[in-house]
Amino acid sequence: MFLALKEMKYEKLRYGLIVAMIVLISYLMFFLMGMMLGLQNENDAAIKEWGTETVFLNKNSNDNLGQSIITRDQLSGKDQKNVALVGQAPIVLKEKGASKESAQFIGLDPDQFISREKIKITNGRQAKGNNEIVVDKSLSKKGYHLGDRVTINSQNEKYKIVGFVNDAKFSVAPVVYGSLPVWRDLRGLNSSAVASGLFSDHQLSKSTYPDLQHYTVNEYINKLPGYSAQNNTFTFMIGFLMVISLIVIVGIPLAVTVTVVGKSVSLSSISYPSGNEIFKLIVSPTFPEIVSVFITLPSWST
């Protein structure tokens, strides 16, 4: 311990650079982790807000809610007590005095559990008619206000904003809650289409709706477009930074450790790497340079 402290006092610049590099790598790791968690929330905040446990989609939807259409025939004779019909469509929201905003329209049945229990209004009230919508609170910062009458896509119909909700995000876009008839109009579907998917806050088995594709909530979230690829990329980047940190914490101190012969220590017998070599390794490390440090370890300590 005494020799280590003495060495650090003697080589202030070298160890100062090591500490600075560890601090910067740690900051970058926390920054990347924050971005990863933030983007995860942008993708699945609405799904988690609904307390989702089970999801059912059309078997030909390719695991995509936007491409799924469930018909009345597929639900004929089935109990719908613990599920909510959800219709999803990508939209562009427009209003005079505000910028155009891409969003996800979510059509709901007002008598089912998501509308009744899971949508927590922070300002305003629940939508009561087909021409009323509730939107994510982030849109209030983009120039959208209670009472505004907005248009969706190229429709001439005006929709009144009657409420705002927190954490209503789906596929990295704010959510606009409306009715299932409006969803059908946006998708150009007839009345035989009832929803894009079924969401339940109970753990249901595949046999509940045998004609539909069954997912647990985690399975469904991992199949959201780009979700797994995004998480894998951030995980790899964070893991690589951890490896670099390990090299800095363990590798470089090993390269400048003292030589112990028996029980005696001779500081005068130590030959350290040059300051230029350490500086190059810390400031602009490349794989060959890092490898060369470990290859030449014996010559540094003899």
Side-chain angles (χ1 to χ4, degrees), residues 36-37 39-90 104-120 126-127 134 165-173 175-184 186-187 189-232 235:
M36 182 176 73
L37 295 175
L39 286 172
Q40 283 181 355
N41 187 65
E42 292 280 306
N43 270 290
D44 59 19
I47 297 171
K48 291 180 178 178
E49 188 72 14
W50 301 340
T52 305
E53 292 289 342
T54 311
V55 179
F56 291 93
L57 301 181
N58 189 297
K59 289 185 175 180
N60 297 316
S61 66
N62 196 27
D63 307 321
N64 191 320
L65 181 65
Q67 296 176 0
S68 174
I69 298 175
I70 296 175
T71 64
R72 294 186 188 279
D73 291 340
Q74 290 173 310
L75 300 183
S76 179
K78 304 293 191 304
D79 181 17
Q80 299 179 34
K81 180 180 178 181
N82 296 319
V83 299
L85 301 173
V86 175
Q88 183 256 329
Q104 294 288 345
F105 185 90
I106 300 295
L108 299 172
D109 185 323
D111 297 324
Q112 295 176 331
F113 80 93
I114 293 180
S115 293
R116 292 196 325 265
E117 305 167 10
K118 303 299 183 180
I119 298 179
K120 307 299 183 183
Q126 289 275 17
V134 172
V165 291
N166 280 330
D167 292 326
K169 297 289 178 61
F170 183 80
S171 292
V172 201
V175 166
V176 174
Y177 288 113
S179 66
L180 285 168
V182 173
W183 165 75
R184 279 192 286 268
L186 292 172
R187 292 288 303 271
L189 301 172
N190 58 36
S191 59
S192 65
V194 295
S196 298
L198 301 181
F199 286 71
S200 176
D201 57 354
H202 290 66
Q203 294 182 357
L204 304 180
S205 66
K206 296 179 181 180
S207 60
T208 309
Y209 297 97
D211 295 333
L212 302 177
Q213 185 67 44
H214 171 276
Y215 306 87
T216 64
V217 63
N218 289 330
E219 288 173 344
Y220 176 69
I221 288 174
N222 285 327
K223 291 181 181 294
L224 289 173
Y227 186 88
S228 294
Q230 162 198 295
N231 286 346
N232 290 339
T235 301

Residue list, ring-ring contact (aromatic ring centres under 6.0 Å, His included) with [X], at least two apart or on another chain:
| X | result |
| --- | --- |
| Y220 | F199 |
| F105 | none |
| Y215 | none |

Side-chain heavy-atom pair [X], [Y] within 4.5 angstrom cut-off:
| X | Y | answer |
| --- | --- | --- |
| L198 | L85 | yes |
| Q203 | S205 | no |
| T54 | H202 | no |
| T71 | V194 | no |
| W50 | D201 | no |
| S196 | V86 | no |
| V55 | V217 | no |
| Q104 | S171 | yes |

Which heavy atom in [X] sits nearest to a heavy atom in [Y], and how many Å separate them?
| X | Y | value |
| --- | --- | --- |
| L65 | L57 | CD1-CD2, 3.5 Å |
| N82 | S200 | O-OG, 2.6 Å |
| V134 | A127 | CG2-N, 3.7 Å |

Can you list every salt bridge (charged side-chain N to carboxylate O under 4.0 Å, His left out) pair that touches residues 48-71, not counting sequence neighbours? D44-K48, D63-K223

Those residues that, when tested against R116, pass side-chain contact (heavy atoms from CB on, under 4.5 Å) (two or more places apart): F113

Donor-acceptor under 3.5 Å ([X] side chain, [Y] main chain):
| X | Y | answer |
| --- | --- | --- |
| S68 | N58 | yes |
| R184 | A193 | yes |
| W183 | I106 | no |
| K169 | N166 | no |
| S115 | Q112 | no |

Out of curiosity, [X] [atom1] to [Y] [atom2], how far, rounded to the nearest 0.5 Å?
| X | Y | atom1 | atom2 | value |
| --- | --- | --- | --- | --- |
| T52 | I221 | OG1 | CD1 | 7.5 Å |
| R72 | Q74 | CZ | CD | 12.5 Å |
| F170 | I47 | CZ | CD1 | 4.5 Å |
| F56 | L204 | CZ | CG | 5.0 Å |

Strictly by ring pair (Phe, Tyr, Trp, His ring centres under 6.0 Å), give each pair with a member in residues 64-89 just once, sequence neighbours left out. none

